[in-house]
Amino acid sequence: MSATQEIEFRDAIRDAMSEEMRRDKRVMLIGEEVAEYNGAYKVSRGMLDEFGPRRIIDTPISESGFAGMAIGAAMLGLRPVVEFMSWSFSLVAADPILNNAPKMLFMSGGQFGCPIVFRGNDGAGGQLGSTHSWSVEGLFSNVPGIKIVIPSTPADAKGLMKTAIRDDDPVFFLESERLLGMKGEVPVGEDVLVKFGQACVRREGTDCTIASWGRPVHFCMEAAEALAKEGISCEVLDLRTIRPLDIGAIERSVRKTSNLVIVDQSWSFGSPGSEVAAQIHQRCFDDLDNHVHRVHAEDVPAPYAFNLEQEYLPNTRKICEAVRSATYNA
Amino acid sequence: MATPTTDGKSTHDVHGGLPIPRRAANRPVPGAELLRGWYRELVLIREFEIRCMQAYQDKKIGGFCHVYIGQEAVAVGCVAALKPQDPLVTAYRDHGHALARGMTARACMAEMFGRVDGCAKGKGGSMHMFDREHNLFGGHGIVGAQTPLGAGLAFATKYEDEVLNNGKSSRVTLCFLGDGALNQGAFHEALNLAGLMNLPVIFVVENNGYSMGTSIHRGTTQSHDLSSKALGYGIDSAVIDGMNLLEVYHGMKDVVEKCRRESRPAFVDMRCYRYKGHSMSDPRKYRTRDEEELWEQGDPIGIFEKFILDQGAITPDQIKALQKEVKAEVRDAVDFADNSPVPPMSDLYHDVYREPWGRYTGTSEPRMYGGALNPPTFRATREGDGLI
């Protein structure tokens, strides 16, 4: 067991970036307010002081420009980490991040790769309204050539970020504003990495598998706790990465529990949740006691009002209802 | 000369721009061998494109195909002003740049044909010519998308030279774009960033007067003086006659040297004309035959041929021999492409990821979704199976 220390989610990301920047001078951080402002969400706090303005680079509000620029730099051999203050803003950079980065290796016949990390806040913050509350995994998981990482704990955030920076392919790293202040035990040390494509069992159970990723994992844990009091034993799986997707772990769990509820904060139509459901129906057809149940954001734009936003998002109540329905305890 | 149109512009007044400065007259003439080499490149690109058009008609080439006929002097002159280690990135009308940069006609034609010996193994096509050996970073299909990439290449060379090697920025990046890209947001963002960050990148606008069928006057403000676009971003600019190879060479030489010396971006309004349509399906109804004929009188190959003959750098017999040699080279490229195998089906699944599972995964034989038909990694789903 390596030593751990209790730090915030945001500092775990910062430590991962700083350690990798010390290890490899080709790594640099670029984005809006990352340097002199110390990060819009204080994720890059202190990094300008340590690494200087040549490697911690402030940009104007110009996502299409700096995302494309970082991709060009990655083609030549740098390893940029690009901060989107919010993944909602990445939509104006859709062409570089979806049309350049994931296709460069393929359309150049393997000549030019794109070792780059795009990171930032994903999912609803707190009453940010319709345009700032995107869960982009719903859109971007459709695109081959990228890897998508969605950590739910500080320890995973650090370990997965380090893997992302060392990875030779484009990685979309989706953080949650609502988790940045969360504290947790994080391994100390440069070489504690979390592999991509390995789900983590957050809670063992026998009656129903709940598979999720990112912030909703915490709602799943609350739901599992509540359902245990009703006599329903839930196994909570945290997938941690969507591409690659550890479908084997879900499959093994479903063979044990015979039920699956997927909790995905993106919209349901054509989503990671619908992909997992299709895969599990195909792979575990004879093992399932019920069809796969899904809890998503409601199929409407994100609302502003507090009560509406709570109802819009996957929440503990909705997860409990889905599990009861799946296990015939409704 | 030309017939005036109702708006008072003559039909050949494609750019309607300010006068183009002349530079070559006061410069020493490059050596005869260099001149002959450039002439050969011009002829090679022209012949290559003619053959591409034929192969397209024969359905040997699919998809979109944008030929470079009329603009040959731009690619040849610009590349001549660069060093081999200077990165180059361009848009979709890219065959000329690839050949000028040193890609073989065989590799280029095989790519057009979608064959395994193409520069990108047949996976890129006409619009996506890549050549790592010759520092050609594509061939990009979305108008303007390559302009931030060009800024990024310049960012990276500067970072390598200054941050990684504690030296001085030594390379410049050449980023080609068409006049249509002037109206894309990506272009403006790239210029702003390049200006802010002092990036050694040269944005060369191959201003052929038309973005597809829309004349520059219909699509772009300040079309008579594109330097105003760069001025807004604090970037110096030059206007160069893109139909005259010597003007391109000398003009670009100045721009490149300044960019390299000062590590500052530059902008070039390269006035030129494409003789053929935007793509193979373009009937060119948006311009007059008179206009085309006037520009054909100023054919960049004809101009340069006359110049080197006048200089005594080449004889008429040498020209004939050279043309014959180039025709044979391109014919060979077509035969080579035709005989090159189509890519194996397994190539469909390669080059999607460098390391599908990340460097640190120890899982054996994992699968990414989409690889299910790939025989080496196909396995039935059983307990213990890995990833999709």
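Numbers restart at 1 for each chain; the letters A, B, ... are given by sequence-line order, proteins then strands. Heavy-atom basis, side chains included; hydrogens, waters and symmetry copies ignored.
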* **chain A neighbours within residues 134-145 of chain B, where any heavy atom lies under 4.5 Å away** => B:Leu136, B:Phe137, B:His140, B:Ile142, B:Ala145
* Asked: Salt bridge between B:Asp86 and B:Arg260, side-chain N to carboxylate O under 4.0 Å?
  -> yes
* Asked: Any ion pair linking A:Asp238 and A:Arg240 (charged N to carboxylate O, less than 4.0 Å)?
  -> no
* Structure fact -> Bottom line for A:Ile250: the part with an atom under 4.5 Å from chain B's heavy atoms is neither
* Would you please name every residue forming a salt bridge (charged side-chain N to carboxylate O under 4.0 Å, His left out) with B:Lys158, sequence neighbours left out? => none
* **Contacting moiety of A:Asp24, where chain B heavy atoms sit under 4.5 Å** => neither
* **Residues of residues 117-133 of chain B near chain A, each having a heavy atom less than 4.5 Å away** => B:Cys119, B:Ala120, B:Lys121, B:Lys123, B:Gly124, B:His128, B:Phe130, B:Asp131, B:Arg132
* Structure fact -> Applying salt bridge (charged side-chain N to carboxylate O under 4.0 Å, His left out) to A:Glu235 and not counting sequence neighbours gives A:Lys256
* Where does B:Pro343 contact chain A at under 4.5 Å (heavy atoms): side chain, backbone, both or neither? -> neither
* Asked: Checking A:Ile71 against chain B: side chain, backbone, both or neither under 4.5 Å from a heavy atom?
  -> both
* Contact class of B:Leu199 relative to chain A, heavy atoms under 4.5 angstrom -> side chain
* To do: For chain B, find which of A:Gly77, A:Cys114, A:Ala70, A:Gly110 contributes the most heavy-atom pairs closer than 4.5 angstrom.
  => A:Gly110
* Are a donor atom and an acceptor atom from the side chains of B:Asn198 and B:Ser263 found within less than 3.5 Å of each other? -> no
* Structure fact -> Under 4.5 Å to a heavy atom of chain B? For A:Glu63 that would be backbone
* Structure fact -> With chain A, the option among B:Glu111, B:Gln146, B:Glu160, B:Glu162 that has the most non-hydrogen atom pairs under 4.5 Å is B:Glu162
* Most contacts with chain B, counted as non-hydrogen pairs under 4.5 angstrom, among A:Lys103, A:Gln282, A:Arg26 -> A:Arg26
